[in-house]
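In this text, all values refer to a predicted model and were calculated from it rather than measured experimentally.
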Amino acid sequence: MPSLFKTTQGKEEILRLYDEKLRELNIDYQYQTVDSSFGKTNIIVTGSPLNPPLMIVHGSNGCAPISLETYPQLATKFQVFAVDVLAQPNKSAETRLSMKDDSYGKWMNEIIASLELDKVTLVGFSFGGLVILKTLINKEEKIKEVYLAAPAYIVNGNPLKALFKIFIPMKRYMKTQKIKFVEQFLSEVFTDRDEFAIKYLSKVFLHFDMDFTPVPVISKAEAKDIKTPITLIAAKKDIMFPGEKMLRRAGKLFSSLKETVLLEESKHVQNRADNSRIEAMIMGE
């Protein structure tokens with residue numbers, strides 16, 4: 001199987017930034033590798049094993065250190081397992097799974113079983129939300145509750161808006177390597193400017209074979225069988241997965257919807273203040 005990293009040098013540059021972000025966090029952690037039927041999965045574990053388990057699933061074109069930075073206090077109350085999602089620019093296997101079936105759910109449940117976790121809380125942002133919903137559809141017995149921030153798989157935004165505001169700047173950067181196009185992309189997707197995201201994504205856009213497959217949405221039949229409590233955080237200014245549209249559909253779909261929040265000023269990627277608010281909800285504060 002050909003690598004999703006376009007060059008060895010490109011892979012090294014991306015993983016160097018991965019390691020740089022992990023060092024910046026200044027946390028005690030250990031790596032754990034889980035063999036799944038879909039390939040090796042890298043996990044960063046932090047927090048006391050005496051605490052209840054919590055698993056964080058990052059978004060598309062992301063990695064575990066970014067999700068640990070997003071919610072830095074969770075490890076004070078949980079043992080946190082930050083997963084490197086398969087086929088993303090990180091340290092897990094490069095096996096690309098289908099979003100149309102429950103492969104992502106089977107994969108995640110294999111990870112949970114291998115780690116011998118029970119009553120685990122799942123936290124996911126963006127594409128991580130799709131992974132978590134697929135997990136609940138596949139098998140939800142080991143999962144205590146889930147928190148989804150601006151998740152994929154519930155609604156999609158206007159495809160023309162996405163084309164002009166997201167994909168065209170990305171493609172122009174890939175063609176010209178002018179950083180202004182990365183900044184243009186980020187200004188539409190990120191609530192606040194993020195210097196690390198500019199560095200990281202400028203490498204990912206050039207050196208990684210990204211998945212541009214259209215994201216499907218969950219069916220009524222799949223959603224109605226989910227029993228796990230869901231807390232849904234939507235972003236009003238999210239052009240990828242619009243917040244108000246998301247909350248309307250979710251209210252009709254999920255019988256286990258525990259709480260919903262609409263972040264009034266947030267774009268797709270939340271800023272530090274909103275992430276702290278989400279973190280406090282997860283910690284029950």
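- Cluster annotation: Phe196 is not connected to Leu25 through the hydrophobic network of ILVMFWY side chains, with a link wherever side-chain heavy atoms come within less than 4.5 Å.
- Within the 4.5 Å cutoff, the side chain of Leu122 has no heavy atoms near those of the Tyr147 side chain.
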In a table with atom names and distances, give each donor-acceptor pair under 3.5 Å that connects a side chain of residues 273-285 to protein atoms at least two apart or in another chain.
| residue | atom | partner | partner atom | Å |
| --- | --- | --- | --- | --- |
| Asn275 | ND2 | Asn271 | O | 3.3 |
| Ser276 | OG | Arg272 | O | 3.0 |
| Glu279 | OE2 | Gln73 | N | 2.6 |

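- Both Met246 and Ile226 are part of a single hydrophobic cluster, where members link through side-chain heavy atoms under 4.5 Å apart.
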Worked verdict on Ile230 versus Lys258 for side chain to side chain contact (heavy atoms under 4.5 Å, CB included): CA-CA 5 Å; Ile230 297 170; Lys258 176 182 163 186; 5.9 Å; no

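- Looking at heavy atoms from C-beta onward, Leu115 lies in side-chain contact with Val34 at the 4.5 angstrom threshold.
- Between the NZ atom of Lys220 and the CZ atom of Arg249 there is a distance of 7.5 Å, given to the nearest 0.5 Å.
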Tell me which donor-acceptor pairs under 3.5 Å the side chains of residues 148-166 have, and how far apart each pair is, sequence neighbours excluded?
| residue | atom | partner | partner atom | Å |
| --- | --- | --- | --- | --- |
| Tyr153 | OH | Lys134 | NZ | 3.2 |
| Tyr153 | OH | Glu222 | OE1 | 3.0 |
| Asn156 | ND2 | Val215 | O | 2.7 |
| Asn158 | OD1 | Leu160 | N | 2.8 |
| Asn158 | OD1 | Lys161 | N | 3.2 |

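- Classified by interplanar angle (parallel below 30°, tilted 30° to 60°, perpendicular above 60°), the ring pair Phe125/His268 is tilted.
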Step-by-step side-chain hydrogen bond (donor to acceptor under 3.5 Å, both in side chains) determination, Thr228 to Glu140: CA-CA 7 Å; Thr228 305; Glu140 59 183 338; 2.7 Å; yes

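- Annotation: side chain of Phe167 is not in contact with side chain of Phe185 (no heavy-atom distance under 4.5 Å).
- For the pair Ala82 and Ala64, the tightest heavy-atom approach, listed with the atom from each and the gap, is O-CB, 3.5 Å.
- Using a cut-off of 4.0 Å between Lys/Arg side-chain N and Asp/Glu carboxylate O, Lys267 and Glu188 are scored as not salt-bridged.
- Across all non-hydrogen atoms, the minimal contact from Ala223 to Phe254 is CB-CE2, 3.7 Å.
- Contact check for Val189 versus Ile239: no side-chain heavy atoms found under the 4.5 Å cut-off.
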Should Glu195 and Arg193 be marked as a salt bridge (Lys or Arg N to Asp or Glu O under 4.0 Å) after you check the CA-CA gap, both sets of side-chain angles, and the distance that decides it? CA-CA 6 Å; Glu195 296 299 336; Arg193 186 180 170 89; 2.6 Å; yes

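- A continuous path of Ile, Leu, Val, Met, Phe, Trp and Tyr side chains, each step under 4.5 Å between heavy atoms, connects Val85 with Leu97, placing both in one hydrophobic cluster.
- The backbone N or O of Asn42 lies less than 3.5 Å from a partner atom in the side chain of Ser92, making a donor-acceptor pair.
- Once rounded to the nearest 0.5 Å, the distance linking CD1 of Ile14 with NZ of Lys199 reads 13.5 Å.
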What's the verdict on side chain to side chain contact (heavy atoms under 4.5 Å, CB included) for Ile137 and Asp225, showing C-alpha distance, side-chain angles and the deciding distance? CA-CA 8 Å; Ile137 291 163; Asp225 290 334; over 6 Å; no

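- The cationic group of Lys203 does not satisfy the cation-pi geometry with Phe5, failing either the under 6.0 Å distance to the six-membered ring centre or the 45° limit from the ring axis.
- Across all their heavy atoms, Pro229 and Lys144 have their closest contact at CD-O, 3.4 Å.
- When each of Thr121, Ile143, Leu117 is paired with Met55, the side-chain contact (heavy atoms from CB on, under 4.5 Å) condition holds for Leu117 and for no other.
- Side-chain contact between Ile233 and Leu263: present, with at least one pair of heavy atoms (C-beta onward) separated by less than 4.5 Å.
- Of all heavy-atom pairs spanning Val131 and Met108, the tightest one is CG1-CE, 3.8 Å.
- A donor and an acceptor atom, one from each side chain of Tyr104 and Asn109, are nowhere located under 3.5 Å apart.
- In summary, the side chains of Lys91 and Tyr31 do present a donor paired with an acceptor at a separation below 3.5 Å, with no hydrogens or angles considered.
- Here the closest non-hydrogen pair linking Thr95 and Gly39 is OG1-CA, 4.4 Å.
- Between Met99 and Pro214, the closest heavy-atom pair is CE-O, 3.9 Å.
- Using a distance-only test at 3.5 Å, with no hydrogens or angles considered, a donor-acceptor pair links the side chain of Thr191 to the main chain of Val269.
- Within the model, atoms CD1 of Ile111 and CZ of Phe38 stand 9.5 Å from one another, a figure rounded to the nearest 0.5 Å.
- No single ILVMFWY cluster, assembled from side-chain heavy atoms under 4.5 Å apart, contains both Phe81 and Tyr71.
- Once rounded to the nearest 0.5 Å, the distance linking CD1 of Ile43 with CG of Asp84 reads 9.0 Å.
- No hydrogens or angles considered: a donor-acceptor pair under 3.5 Å links the side chains of Ser3 and Glu94.
- Using a 4.0 Å cut-off between charged nitrogen and carboxylate oxygen, Lys236 and Glu265 do not count as a salt-bridge pair.
- Electrostatic pairing of Glu264 and Lys237 does not count as a salt bridge here, judged by no charged N lying under 4.0 Å from a carboxylate O.
- The line from CZ of Arg172 to NZ of Lys178 is 8.5 Å long, rounded to the nearest 0.5 Å.
- Side-chain atoms of Glu110 come within 3.5 Å of backbone N or O of Ser37 as a donor-acceptor pair.
- Counting only N and O atoms by type, the side chains of Ser48 and Gln79 include no donor and acceptor under 3.5 Å apart.
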Walk me through it: do Val80 and Val45 pass the test side chain to side chain contact (heavy atoms under 4.5 Å, CB included)? CA-CA 6 Å; Val80 176; Val45 187; over 6 Å; no

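- Side-chain N/O atoms of Thr135 and Trp107 include no donor and acceptor closer than 3.5 Å.
- Side-chain contact between Phe127 and Gln88: present, with at least one pair of heavy atoms (C-beta onward) separated by less than 4.5 Å.
- Of the N and O atoms on the side chains of Tyr200 and Asp194, not one donor lies less than 3.5 Å from an acceptor on the other residue.
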Yes or no on side chain to side chain contact (heavy atoms under 4.5 Å, CB included) for Asn90 and His58, after CA distance, side-chain angles and deciding distance? CA-CA 11 Å; Asn90 56 42; His58 62 74; 3.4 Å; yes

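- Inter-residue side-chain proximity for Val123 and Val146 is flagged as unmet; no heavy-atom pair is nearer than 4.5 Å.
- Shown here is Lys21, whose NZ atom has more than 12 heavy atoms of other residues, nucleotides or ligands within 6.0 Å.
- Hydrophobic clustering keeps Val83 apart from Tyr29 (ILVMFWY residues linked when any side-chain heavy atoms are closer than 4.5 Å, directly or through intermediates).
- A 4.5 Å side-chain heavy-atom check between Val261 and Thr231 finds every atom pair outside the cut-off.
- Here the side chain of Asp238 pairs a donor or acceptor atom with the backbone of Phe241 at under 3.5 angstrom.
- The distance from atom CZ of Phe205 to atom CD of Gln177, rounded to the nearest 0.5 Å, is 13.0 Å.
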